[in-house]
Trainee: 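Sharing a structure with you now.
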Amino acid sequence: MKQEMSEPVTEGAVSGESIGNTPNDVCPEYGCARALAEGRHGDPFSWLGMHLVGSDKPSLVVRAVLPGATKVDVLDKKTGKKVTSLTAVSGAEPLFVGKMPRRVKPFPYLLQVSYPAAQHTVSDPYSFSSLLNDDDTYLFNEGRQQQAWHFLGANWHEVDGEQGIQFCVWAPNAQSVSVVADFNCWDKRRHSMRKHPASGIWGIFIPGLVGLEHYKFAIQTAGGGWHEKADPYARSMEPPPYNASIVPPRDQWQWRDSKWMKRRAQTAWHQAPVSIYEVHLGSWRRKGDDGRDYISYQDAVSHLIPYVKELGFTHVEFMPLSEFPFDGSWGYQPVGMYAPTYRFGDAAGLKMMIDAFHQEGIGVILDWVPAHFPKDPHGLGNFDGTCLYEHQDPQRGSHPDWDTLIYNYGRKEVQSFLLSNACYWLQEFHIDGLRLDAVSSMLYLDYSRKAGEWSPNQFGGRENLEAIELLQELNTRLYASFPGIMMIAEESTAWGGVSRAVSAGGLGFGFKWNMGWMHDTLCYIGRDPVYRSFHHHEMTFSMVYAYTEQFILSLSHDEVVHGKRALLEKIPGDDWQKFATLRAYYGFMWAHPGKKLLFMGNEFAQRREWQHDYSLDWHLLQYAPHQQMKQWVTDLNHAYTELPALWQRDMEGNGFAWLDCTDTGSSVLAFCRFDAKGRPVVVVCNFTPAVREGYRIGLPQGGHYRERLNSDSHFYGGADVGNNGTIVSEYQPWQGMKHSAVITLPPLATLYFTLQEN
């Protein structure tokens, strides 16, 4: 309850015309009263609620704006007795005012409000003091706030024994701001907010709410016009077309993943197996009679988790799950950065799904989009009538490719918004890593711009220095605050040091998608085998730069849309060649240094391009080639996690050795991977349809080698050309090794050999 007056005791000494018969020491002058009554007063808390007025004979006055009320009484909250009645102000009728007889000390009170069809007894929102903390707002304005969602948006509080919601929004250039919602008939006059000039934040505590109410902020711009905006910090949002924010429920999820979280904190992922299954939850599987309905988070627990576990992936990566208005953006044009999308359930459902993944030992990575946001009218654009979240300069505030807006990375409050949002997903949802989309577009001022469409930085360069500083600060803080997470960059240029430590001049990410490897190798397998010998470097060039970053080899959703064709259909030849080549390619990928990522559907060789509005073609699994491809990926994952040589030294040059990278005529690649103890895995790939018998390969050690995997096995749809499960070394130097063996190399196949220990 408000104990300190918002204005001096001389408040009654107002100038101007009084309204009706109400004396000036009770009612403000005409313009002020009308502004209060219409919800456009920039400082409503200085007038509404209980105040001490008058200098000679101080007395208490209560003022309230209650549209539609016919009678308003003030009750003593402790006794329930009526103290006085308020009078409607003529000319500003929603405004009610009244003096407290013989009272000069503020006291807790209630308002008994009569309407034509009902009577309600309520607490007055204007009787509560601000709940904002100076330290919180200071950090917010300094760009160093990591938990802004705890005080911005809609947050539950208990004040003087009353439960309610504190609504807060940053809108420093607004003339006035109101909460409009289900509970006030979307009337901007009822809950005008208090501005904190130092921080630019507006707030109001509204008691008596129960949760799940729909709301927005009605914002009066400097020009006097009004628009309604969704809450940037909303934890839940209504679907289009209304796009309202939703007050979160009070429920707290009880996590059961402590074992996973403890293990995660102790894991150095660059020295651990990481095999990621990328999922667009809206199209992984659909349900309903017409197959058009989204699955829920509970459906994912029942079906997706067992499937990922069966396949042997260590992690799942979800394309964006924060709220977005346009399905066709796949979530990469988000509006509700703090709101899990309505499409699959609520926040509790998402937490339940992540918890279930963790209990099965599977990590969860989330695509996170700080690179741009859409222009939808309920979103962040022109939020308070000015370029608040977006950069004011269109050369830096607008994306020509996507017709979207770009955050003002140099603005401190925007930095706090993004930093807090990243922390929100990691803290509240136990997300194990964030993959940042379109990092290149953040780093370069001339990204997708022609000459004359961009301006250089202060040093004459094309680097976006503010975005670089933000990314460095983000990675530094997140790694310090959340042990064991992974920060991943989709960065498609040769920018140096993406995954280098900030202290060493890098951006500080843990991993970078290897877009060069993806592009080169997909070009290679897309060529007819007769021409592959002329493009051998496309399969070997990646090792030239393999240790410049900590890479993830990614075959993502971007490679199977917009006319690029499905992976299987990129490959020339008949079905035998297509399936055999794709199996050989996956075998090469899983053995190549770098972590792995495969987009859904590619594990069973979906034939058509991915379409976000339709389920994957699960019916293909009734056919042997697709089922066998799925089994091949499963066995690759299990071999990968069981053989430390394939992941333990991804970033160490002595963890890899070419046996032969120059056999262009045969289109054969042979190399070794080594674990920390020097134990090898020998890998040989044949990218032509010819069987190569009597093919000699070097071996790093003498002994018996098990043919651990053969993509030409009949289990995977091959012809069973191979080495009967074992090869034996000879003491004959070859390919730089002291030992060697003669093997049979199947057509369009990859072989893994492991040394059998005595």
Side-chain angles (χ1 to χ4, degrees), residues 1-2 6 18-41 43-51 53 59-77 79-101 103 106-128 162 164-165 167 176-194 204-210 213-216 218 220 226:
M1 191 66 66
K2 180 160 54 183
S6 298
S18 64
I19 299 179
N21 298 319
T22 309
N24 269 344
D25 64 344
V26 174
C27 183
E29 52 89 18
Y30 181 79
C32 178
R34 288 299 301 267
L36 289 169
E38 295 171 6
R40 55 181 176 82
H41 195 289
D43 188 15
F45 275 80
S46 66
W47 291 96
L48 300 180
M50 180 179 287
H51 295 277
V53 300
S59 60
L60 289 176
V61 63
V62 171
R63 307 185 188 98
V65 175
L66 296 164
T70 58
K71 180 182 179 183
V72 181
D73 294 328
V74 177
L75 309 182
D76 188 306
K77 188 174 182 179
T79 65
K81 293 182 179 181
K82 175 181 173 180
V83 178
T84 192
S85 294
L86 305 185
T87 302
V89 177
S90 176
E93 281 75 8
L95 177 63
F96 288 78
V97 300
K99 278 188 176 182
M100 305 297 105
R103 294 210 184 194
F107 61 94
Y109 68 96
L110 299 171
L111 298 177
Q112 188 175 74
V113 187
S114 297
Y115 297 96
Q119 185 181 80
H120 301 287
T121 300
V122 298
S123 292
D124 184 1
Y126 296 92
S127 67
F128 296 92
E162 294 200 55
I165 295 291
F167 292 92
S176 61
V177 181
S178 297
V179 178
V180 290
D182 294 336
F183 51 79
N184 63 19
C185 302
W186 297 86
D187 189 336
K188 65 178 180 291
R189 298 174 294 176
R190 292 178 178 267
H191 290 109
S192 299
M193 303 174 76
R194 168 197 282 119
I204 188 171
F205 175 74
I206 302 178
L209 303 184
V210 297
E213 293 94 345
H214 293 65
Y215 71 97
K216 287 184 179 179
Q220 185 185 29
W226 289 85

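Computed over heavy atoms, backbone and side chain alike; hydrogens, waters and symmetry mates excluded. Just so it is clear, the structure is predicted and the values come from calculations on it, not from any experiment.
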Trainee: Determine whether Val74 and Leu111 satisfy the following criterion, side-chain contact (heavy atoms from CB on, under 4.5 Å), listing intermediate values before the conclusion.
Mentor: CA-CA 5 Å; Val74 177; Leu111 298 177; 4.0 Å; yes

Trainee: Sub-3.5 Å donor-acceptor pair from the side chain of Arg103 to the main-chain atoms of Leu60, do we have one?
Mentor: no

Trainee: Using every non-hydrogen atom in the two residues, find where Phe128 and Pro207 come nearest and quote the distance to one decimal.
Mentor: CE1-CG, 3.8 Å

Trainee: Quick check: closest heavy atoms across Lys82 and Leu75, and the distance to 0.1 Å?
Mentor: CA-CD2, 3.6 Å

Trainee: Between His120 and Leu66, is any pair of side-chain heavy atoms under 4.5 Å apart?
Mentor: no

Trainee: Would you say the side-chain atoms of Asp76 pair up with the backbone N or O of Lys81, donor to acceptor, closer than 3.5 Å?
Mentor: no

Trainee: side-chain contact (heavy atoms from CB on, under 4.5 Å), that's the test. Do Lys188 and Arg40 meet it? Break it down for me.
Mentor: CA-CA 8 Å; Lys188 65 178 180 291; Arg40 55 181 176 82; over 6 Å; no

Trainee: State the CZ-OG1 distance between Phe96 and Thr87, to the nearest 0.5 angstrom.
Mentor: 8.5 Å

Trainee: Got a second to check how far Phe107's CZ is from Met50's CE, nearest 0.5 Å?
Mentor: 3.5 Å

Trainee: Is there side-chain contact between Val65 and Leu95, with at least one heavy-atom pair below 4.5 Å?
Mentor: yes

Trainee: Examine distances only and state if a side-chain atom of Arg190 and a backbone atom of Pro67 form a donor-acceptor pair shorter than 3.5 Å.
Mentor: yes

Trainee: Which heavy atom of Ala69 sits nearest to which heavy atom of Val113, and what is that distance?
Mentor: CB-CG1, 3.6 Å

Trainee: Check whether any side-chain N or O of Asp124 sits under 3.5 Å from a backbone N or O of Tyr109 as a donor-acceptor pair, and report yes or no.
Mentor: no

Trainee: How long is the gap from OH on Tyr215 to CZ on Phe183, to the nearest 0.5 Å?
Mentor: 9.0 Å

Trainee: Report yes if the side chains of Ile204 and Phe45 come closer than 4.5 Å at any heavy-atom pair, otherwise no.
Mentor: yes

Trainee: Spell out, as yes or no, whether a donor-acceptor pair under 3.5 Å connects the side chain of Thr70 to the backbone of Pro116.
Mentor: no

Trainee: Pro94 and Arg189: which non-hydrogen atoms are nearest, and at how many Å?
Mentor: CG-NH1, 3.6 Å

Trainee: Please give me the minimum heavy-atom distance between Pro44 and Tyr126, naming the atom from each residue.
Mentor: CB-CE2, 4.2 Å

Trainee: Counting only N and O atoms by type, is there a donor-acceptor contact under 3.5 Å from the side chain of Glu93 to the main-chain atoms of Gly91?
Mentor: yes

Trainee: Can you confirm if the aromatic rings of His191 and Phe167 lie within a centre distance of less than 6.0 Å?
Mentor: no

Trainee: Roughly how far apart are Trp186 CH2 and Lys216 NZ, rounded to 0.5 Å?
Mentor: 6.0 Å

Trainee: Are any side-chain N or O atoms of Thr84 and backbone N or O atoms of Lys99, one a donor and one an acceptor, separated by less than 3.5 Å?
Mentor: yes

Trainee: Quick check for you: to the nearest 0.5 Å, what is the distance between Ser192 atom OG and His41 atom NE2?
Mentor: 9.5 Å

Trainee: Taking it one step at a time, do Lys71 and Gln119 satisfy side-chain contact (heavy atoms from CB on, under 4.5 Å)?
Mentor: CA-CA 9 Å; Lys71 180 182 179 183; Gln119 185 181 80; over 6 Å; no

Trainee: What's the spacing between Gln112 CD and Thr121 OG1 if we round to 0.5 Å?
Mentor: 4.5 Å

